[in-house]
Amino acid sequence: KNSIVTQSSVCYRSGVKSGRGLLFLRRARPARRRPAMVPNPRHIRRLLLVAATAAFIYIQVRHFSAQSHDAGRLALAGADQPDLSVAAVVIMACNRPDYLHRTVESILKYQKAVASKFPLFISQDGTNGEVKNKALSYTQITFMQHVDLEPVHTESPGEHIAYYKIANHYKWALDELFTKRNFRRVIILEDDMEIAPDFFDYFEAAAKLLDTDKSIMAVSSWNDNGQKQFVYDPKALYRSDFFPGLGWMLTKSTWMELSPKWPKAYWDDWVRLKEVHKDRQFIRPEVCRTYNFGEHGSSMGQFFNQYLKPIKLNDAHIDWNSEDLSYLSEDKFLIKFGKDVANATPVHGSDDLLKAHNLYVDVRIQYNDQGDFERVARQFGVFEEWKDGVPRAAYKGVVVFRYKSSRRRIYLVGPDSLRQLGV
């Protein structure tokens, strides 16, 4: 018997009897087994990456499509809706995270109830990480960042470059809010201020006046002579020829006028120039609606202990919606203020303080020039500083303040004030 023997890669021939002799059969080669396919890890990673990318693109396209649909729907729904905001509120910040925290907490205490009317922004100048993190920690506040790495070239040797950076930052932030975001009004605060409980109500009431009276350039929450001993009536508001700053509101139309010629530095003193404000005036309160606690800053604590620290921040509840502010219109205020000055008792002589102390009525003291004003102001302790021929807080050359927190008013009257008042 012949048998076929199977072995790998070997083929045997066997003779088998047949009718015609031996028939040689070739042993069939067995089928070769294919080795098992081992997956290539690189190929797997590529496949997974392609699949993940395709899924991500699909999700993003669907998400964008949904957003576009919703945005279009909201835009159509809101096209006929009025802008309910009174003003954007921007906090100007730089490198003081602790000050910023104190300011924001003060604002949020009263802003939450009127958030839709007063959207809140923080504008940071520079790249201080702590300030940025602090700003971003407030989800209800929109954060803006101004980064300008260009070197600052001062116009005079020895000038503090901070004043140049501040002016540049202000221009950028106000352009952003008025031009790009299209707000009608903006209130500017700094990162070292606390606000009064009626801060927002005050500005809402003043916004109507600002819109209708083109002789008013801005509304401020600050009185330079707002120290405790010089104020009495939390409802009293005044017109002033001196720009107070420190918490103020302006309109878009005014900013469109100022922006193209905005100065490189000392922006607040620039606004105080007569050629800039063009005989327009500013509304200020008797009792401040902001308190500046910034002892350390670009001004190096200038005047802080004497003028800023003793400021009285209003704590009285005033229903500004029910207050009639029509007396602040240009014609009415001129007549009313003129009568008040005319009715005050004139005091003459060297010892103005002693004579005023002995009289229990409103007092009028005339000064002859800037030097004379500084002498009288020094006796009482009010601001002595002038800018472009105008004393701080003055109206038609008249500076008014209360005597020792009483009802009594002291009027420091310039040589031409009575004529300008029509007295």
Side-chain angles (χ1 to χ4, degrees), residues 67 70-71 74 78 83-148 162 165-166 168-204 206-207 219-222 245-250 252 255 288-298 308 313-315:
Q67 278 190 326
D70 291 342
L74 290 172
D83 181 6
L84 299 179
S85 67
V86 175
V89 180
V90 59
I91 305 167
M92 309 298 285
C94 181
N95 57 5
R96 302 183 292 187
D98 52 339
Y99 277 20
L100 179 62
H101 174 79
R102 180 174 169 181
T103 296
V104 171
E105 292 302 315
S106 170
I107 293 171
L108 289 179
K109 190 185 302 182
Y110 308 111
Q111 187 259 358
K112 289 178 181 177
V114 291
S116 62
K117 295 181 180 180
F118 296 93
L120 194 54
F121 294 79
I122 293 174
S123 182
Q124 180 190 3
D125 187 34
T127 58
N128 184 283
E130 290 183 75
V131 168
K132 183 174 183 178
N133 290 337
K134 172 59 66 176
L136 291 173
S137 70
Y138 296 101
T139 57
Q140 64 273 63
I141 300 176
T142 302
F143 175 69
M144 309 189 304
Q145 188 172 26
H146 173 243
V147 179
D148 184 2
K165 287 183 170 292
I166 291 170
N168 191 20
H169 181 205
Y170 266 72
K171 185 180 189 312
W172 177 85
L174 291 173
D175 279 340
E176 180 76 18
L177 293 169
F178 279 123
T179 305
K180 293 186 179 179
R181 299 178 185 261
N182 202 32
F183 284 102
R184 294 177 297 166
R185 308 178 201 91
V186 173
I187 298 171
I188 301 101
L189 291 168
E190 296 172 15
D191 64 352
D192 54 3
M193 293 180 179
E194 292 178 331
I195 66 171
D198 64 343
F199 175 89
F200 293 108
D201 291 340
Y202 165 72
F203 275 110
E204 183 171 5
V219 175
S220 177
S221 58
W222 183 259
L246 296 177
W248 56 289
M249 177 173 65
L250 78 166
K252 182 176 182 178
W255 178 247
C288 290
R289 266 59 189 183
T290 46
Y291 178 80
N292 190 309
F293 58 83
E295 184 174 4
H296 307 290
S298 58
L308 301 183
L313 180 65
N314 179 59
D315 55 6

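For clarity, every value in this text was computed on a predicted model and none was experimentally measured.
One finds the CZ atom of F199 at 11.0 Å from the CZ atom of R289 (value rounded to the nearest 0.5 Å). Atoms CH2 and CG, on W222 and L246 in that order, are 5.5 Å from each other to the nearest 0.5 Å. A distance of 10.5 Å separates CG of N292 from CG of L189, quoted to the nearest 0.5 Å. Here the OG-CZ distance, from S221 to F203, works out to 4.5 Å after rounding to the nearest 0.5 Å. Atoms CG and SG, on N314 and C288 in that order, are 9.5 Å from each other to the nearest 0.5 Å.
Under the rule for a side chain to side chain contact (heavy atoms under 4.5 Å, CB included), the partners of K132 that lie at least two apart in sequence or sit in another chain are Q124, L136, F143, Q145. Considering only residues two or more places apart in sequence or on other chains, K171 meets the salt bridge (charged side-chain N to carboxylate O under 4.0 Å, His left out) condition with D175. Here H146 pairs with D125, D148, N168, H169, W172 under the side chain to side chain contact (heavy atoms under 4.5 Å, CB included) rule; sequence neighbours left out. For K180, the salt bridge (charged side-chain N to carboxylate O under 4.0 Å, His left out) test picks out E176, with sequence neighbours left out.
Taking the six-membered ring where tryptophan is involved, the planes of W255 and F178 are essentially parallel, since the angle between them stays under 30° and well short of 60°.
Within 6.0 Å of the CD atom in E105, the count of heavy atoms belonging to other residues, nucleotides or ligands exceeds 12.
Contact check for M144 versus I122: no side-chain heavy atoms found under the 4.5 Å cut-off. Contact of the V90 side chain with the I187 side chain is not registered, since no non-hydrogen atoms from C-beta on lie closer than 4.5 Å. Looking at heavy atoms from C-beta onward, W248 lies in side-chain contact with L250 at the 4.5 angstrom threshold. Within the 4.5 Å cutoff, the side chain of R185 has heavy atoms near those of the V86 side chain. Between H101 and Y138 the shortest side-chain heavy-atom distance falls below 4.5 Å. Between F121 and S123, every side-chain heavy-atom pair lies at or beyond the 4.5 Å cut-off. Two residues are said to be in side-chain contact when any heavy atoms from C-beta on lie closer than 4.5 Å; L120 and I91 meet this criterion. Side-chain atoms of T103 and I195, non-hydrogen and from C-beta on, never get closer than 4.5 Å to each other.
The side-chain hydrogen bond (donor to acceptor under 3.5 Å, both in side chains) analysis of residues 187-197, with sequence neighbours excluded, yields the pairs R96-D191, R96-D192, R102-E194, Y170-E190. Listed by first then second residue, pairs satisfying side-chain hydrogen bond (donor to acceptor under 3.5 Å, both in side chains) with a partner in residues 109-121 read K117-E204, not counting sequence neighbours.
The two residues A173 and M92 have their closest heavy-atom pair at CB-CE, 3.8 Å. The minimum heavy-atom distance between G245 and S220, with the atom names listed, is O-OG, 2.8 Å. Across P97 and K134, no two heavy atoms sit closer than the pair O-CG, 4.3 Å. The two residues M249 and A87 make their nearest non-hydrogen contact at SD-CB, 4.1 Å.
A side chain to side chain contact (heavy atoms under 4.5 Å, CB included) with K252 holds for exactly one of T179, L177, N182, L174; it is N182.
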Exercise for review: Run the numbers on V186 and R181 for side-chain contact (heavy atoms from CB on, under 4.5 Å), then give the verdict.
Suggested key: CA-CA 11 Å; V186 173; R181 299 178 185 261; over 6 Å; no

Exercise for review: With side-chain contact (heavy atoms from CB on, under 4.5 Å) as the test, would you mind laying out the steps for L108 and Q140 before giving the verdict?
Suggested key: CA-CA 9 Å; L108 289 179; Q140 64 273 63; 3.7 Å; yes

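Side chain of D198 to main chain of D201: no donor-acceptor pair is present (N/O by atom type, distance under 3.5 Å, no hydrogens or angles).
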